[in-house]
Amino acid sequence: MTIARHDAIMAVTKYRPIEKPLDFSKTPSKELFGSSVFNDKVMKKRLPEKIYKALRKTIDHGERLDIRIAEPVAAAMRDWAIEKGATHYAHVFYPLTGLTAEKHDSFLDPDGKGGVIAAFSAKQLIQGEPDASSFPSGGIRATFEARGYTAWDVTSPAYILENPNGTTLCIPTAFCSWTGEALDKKTPLLRSMQALNAQARRVLAIFGQNDPGLIYATAGCEQEYFLIDRNFFFARPDLINAGRTLFGAKPPKGQELEDQYFGAIPERVLACMLETERELYKLGVPVKTRHNEVAPAQYEIAPVYENANLATDHQYLTMVTLQRVAQKYGMSCLLHEKPFAGINGSGKHLNWSLGTTKQNLLTPGKTPHSNAQFLVFCAAVIRAVDKHADLLRGAVAHAGNDHRLGANEAPPAIISVFLGAQLTDIFEQIARGGAKDSKKPGVLTVGVDTLPPLPKDAGDRNRTSPFAFTGNKFEFRAVGSSQSVANPLIVLNTIVAESLDFIATELEAKTKGNTKKLNDAVQDVLQQIINEHGRIIFNGDNYSEAWHKEAEKRGLPNFRNTVDALHGMDTDENAELFEKYNVLTKREFKSRNEIYLEKYIKEVNIESRLVLRIAKTMIFAAAVDYQDKLAKTSQALKSLGKDHCTTVLDELNTLLGKLQPALAALESAIHHESKGGLLDHARHMRDKIIPTMVEVRQISDRIEGIVSDDLWPLPTYQEMLFIK
């Protein structure tokens with residue numbers, strides 16, 4: 001009898017590259033970057049000057065798009081794409097599935113004379129019409145209400161997606177229903193950036209900047225992921241269907257030696273990384289960093305920050321490219337937050353700031369205590385996070401992240417802000433009456449004459465904080481590795497816009513246009529914010545039990561799981577907030593909460609059915625085979641009058657005796673009578689099904705430690721994580 005696991009191990013150990021290595025000297029990275037993007041350089045070259053300038057006004061200043069420019073843009077885009085080998089174009093959009101969606105159409109149209117012409121009109125560029133009935137809509141659209149529209153997002157450039165058999169022109173678009181309601185993640189993201197721009201401009205006007213240019217959020221998303229051999233992947237039904245292992249005993253070696261983090265990158269993995277980066281360079285994605293992460297077989301890729309809307313589109317491209325290129329190297333890229341129990345899971349740290357092309361509004365400067373403009377924007381973020389912690393927590397809530405948040409590898413479910421020693425001291429001074437000075441950064445002397453003195457930051461970093469200030473931006477560390485960053489960005493942009501609105505209104509009322517009153521007005525507003533919202537600032541160990549107790553005393557919310565987090569954010573007050581700033585209507589807001597709750601139910605339900613099937617048909621079967629072997633051996637020894645210790649057999653009998661009722665309980669929980677609404681079903685998943693799944697797994701993992709290695713059907717943690 002052959003076992004897929006054994007075949008997988010054999011295939012992995014005999015792995016050879018599928019193709020010849022790439023010649024990286026052929027095209028320098030500098031020339032490669034953006035070569036597949038209809039970017040500014042291409043537009044400037046191919047568009048009439050008047051059209052180009054009109055297009056840049058929309059991109060650079062957020063002005064209303066002049067539809068009349070669409071025809072020459074479409075013609076230039078078509079010709080450029082065809083020269084690049086494109087045969088089709090696709091409106092790429094971002095529905096609430098968490099994945100991208102695209103509908104491909106050919107450039108070719110019949111000419112009526114038995115031939116074809118290459119056509120791509122302004123209408124085809126501006127608007128597409130995919131079926132909207134089969135995407136999650138949360139009650140906004142019924143199955144018979146099928147019409148949906150995609151709308152060209154001029155601020156995110158079109159690009160060419162290569163395939164061995166051709167290329168496709170991809171056009172980033174928004175996606176809405178026939179009624180005009182948002183069915184995607186891009187539309188509310190763009191609305192939130194519009195709201196942020198409007199309120200930030202009011203604040204800057206008070207500081208004398210009446211024409212600062214377009215103010216926008218920036219983002220840089222550090223993506224963590226695992227790479228394992230595809231032979232192992234296809235021998236694990238749980239990885240194929242759920243993206244994580246639902247079974248797996250702890251291996252003899254995990255990450256306890258701490259030798260993986262920033263270690264030498266394995267040759268095969270590095271080859272995959274290099275080609276991934278090369279493909280992303282072509283698409284204009286500014287990837288900067290790569291390294292080994294903490295867990296074995298875990299890695300990270302990180303870009304330079306850019307406009308948040310573009311960064312979101314690029315994040316989708318990064319995930320897709322990681323998975324696509326990994327296949328060429330015989331590997332599978334795992335983006336789940338917790339593909340392996342007992343070792344670090346994966347996050348997607350979202351580095352967020354706001355500014356213009358000329359200034360970052362969260363740069364403290366050398367004397368932050370006297371930088372009133374910076375302090376105002378920093379205080380706006382502090383107020384926003386404290387006032388709307390429930391929304392931030394809800395923005396990262398989903399089944400996969402429940403396995404990660406709250407463990408000693410990721411921030412807790414309690415949202416707090418880390419400012420560091422320097423800024424905390426400044427805001428404490430403000431609370432006492434006014435900031436007089438800033439702690440100096442200083443110089444770090446290592447004590448080796450041949451090493452240079454190092455400039456020292458004014459404050460340490462805190463990897464346990466969910467929301468940390470890191471120099472000139474905030475790092476939201478609670479985002480899950482498989483998630484779109486759109487939701488966290490929508491929330492961040494909206495709640496900061498609300499805080500800037502509050503601050504602008506207060507300062508306008510206190511100064512009444514008199515700049516001489518500005519310093520006193522700023523001091524009053526900052527002092528009010530710190531006194532009312534300073535409870536959110538915490539620079540200590542977020543993992544400690546003491547912090548959980550302290551956070552409770554401070555009145556900070558602690559939504560420990562997805563069900564509580566989604567239910568906690570689903571309030572009329574939050575719906576009104578999004579509606580006030582034209583980011584989401586109440587109907588859109590409510591529908592999204594319903595979609596995310598339903599997604600949680602479906603994901604847990606899929607996992608529970610997988611647990612039942614794998615445990616019954618693979619684990620139980622292997623255990624019974626080994627039980628039979630042990631029993632026969634024991635009986636043979638007994639018949640020969642030899643000693644026949646049955647310790648292992650007894651232990652296996654006991655575990656099998658526990659496994660069968662646990663499986664029966666899980667099957668009963670899965671087939672429970674459907675009563676109540678979505679929230680009731682979600683709570684059933686959390687309170688009944690997940691604990692029963694955990695029980696089945698615990699028993700099964702103990703069985704793995706007993707059953708003969710030649711009978712065990714599933715690739716083990718040791719094999720998946722360490723055989724490369």
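Between V37 and G284 the shortest heavy-atom distance is CG2-N, 3.7 Å.
Using a 4.0 Å cut-off between charged nitrogen and carboxylate oxygen, D501 and K580 count as a salt-bridge pair. The residues R290 and E300 are annotated as not salt-bridged, no charged nitrogen and carboxylate oxygen being separated by less than 4.0 angstrom. Taking the charged nitrogens against the carboxylate oxygens, E588 and R592 have no contact shorter than 4.0 Å, which rules out a salt bridge. Remark: K590 does not engage E594 in a salt bridge, criterion side-chain N to carboxylate O under 4.0 Å. Taking a cutoff of 4.0 Å between a charged side-chain nitrogen and a carboxylate oxygen, E162 and K282 qualify as a salt bridge. Between R46 and E83, at least one side-chain N (NZ, or NE/NH1/NH2) sits under 4.0 Å from a carboxylate O, which counts as a salt bridge.
In this structure, the side chain of R244 does not engage the main chain of P339 through any donor-acceptor pair within 3.5 Å. Side-chain N or O atoms of N360 include one that pairs as donor or acceptor with a backbone N or O of N472 at under 3.5 Å. Using a distance-only test at 3.5 Å, with no hydrogens or angles considered, no donor-acceptor pair links the side chain of D109 to the main chain of A119. Looking at T168, its side chain never comes within 3.5 Å of a backbone N or O of C170 through a donor-acceptor pair. For N241 (side chain) and P237 (main-chain N/O), a donor-acceptor pair under 3.5 Å exists by modelled atom type. Side chain of S35 to main chain of L32: a donor-acceptor pair is present (N/O by atom type, distance under 3.5 Å, no hydrogens or angles). With hydrogens and angles disregarded, a donor-acceptor distance shorter than 3.5 Å links the side chain of Q223 to the backbone of S481. Q124 places a side-chain N or O within donor-acceptor distance of the main-chain N or O of S121, the cut-off being under 3.5 Å. At distances below 3.5 Å, not a single donor-acceptor pair connects side-chain atoms of N292 with backbone N or O atoms of Q298.
Listed by chain and residue number, nothing satisfies the side-chain contact (heavy atoms from CB on, under 4.5 Å) test with N582 (two or more places apart in sequence, or in another chain).
A centroid separation of 6.0 Å or more is found between the aromatic rings of W178 and Y149.
In this structure the side chain of L310 reaches within 4.5 angstrom of the side chain of P157, judged on heavy atoms. Between F578 and P188 there is no side-chain heavy-atom pair separated by less than 4.5 Å.
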Apply ring-ring contact (aromatic ring centres under 6.0 Å, His included) to residues W80 and F38 and explain how you reach the verdict.
CA-CA 8 Å; W80 170 79; F38 193 73; 5.4 Å; yes
Trace of the side-chain contact (heavy atoms from CB on, under 4.5 Å) decision for N493 with L354:
CA-CA 9 Å; N493 294 344; L354 72 160; over 6 Å; no
Give the C-alpha distance, both sets of side-chain angles, the deciding distance and a yes or no for side-chain hydrogen bond (donor to acceptor under 3.5 Å, both in side chains) between S484 and Q315.
CA-CA 8 Å; S484 162; Q315 231 297 300; over 6 Å; no
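Relative ring orientation between F135 and F175 is described as perpendicular, the plane-to-plane angle rising above 60° on a 0-90° scale split at 30° and 60°. The aromatic rings of F120 and Y89 sit tilted relative to each other, their planes meeting at an angle between 30° and 60°.
Side-chain contact annotation: Y596 with N487, donor-acceptor N/O pair under 3.5 Å present. For the residue pair D40 and Y52, a side-chain donor N or O sits within less than 3.5 Å of a side-chain acceptor on the partner. In summary, the side chains of S192 and Y581 do not present any donor paired with an acceptor at a separation below 3.5 Å, with no hydrogens or angles considered. A donor-acceptor contact under 3.5 angstrom links the side chains of E337 and S482, judged on distance only. Side-chain contact annotation: T173 with H91, donor-acceptor N/O pair under 3.5 Å absent. Under the 3.5 Å distance criterion, with hydrogens and angles disregarded, a donor-acceptor pair is assigned to the side chains of R202 and Q199.
Identified under the salt bridge (charged side-chain N to carboxylate O under 4.0 Å, His left out) test for residues 165-189, with sequence neighbours left out: D153-K186, E181-R587, K186-D313. Listed by first and then second residue, the salt bridge (charged side-chain N to carboxylate O under 4.0 Å, His left out) pairs involving residues 217-232 are D229-R268 (not counting sequence neighbours).
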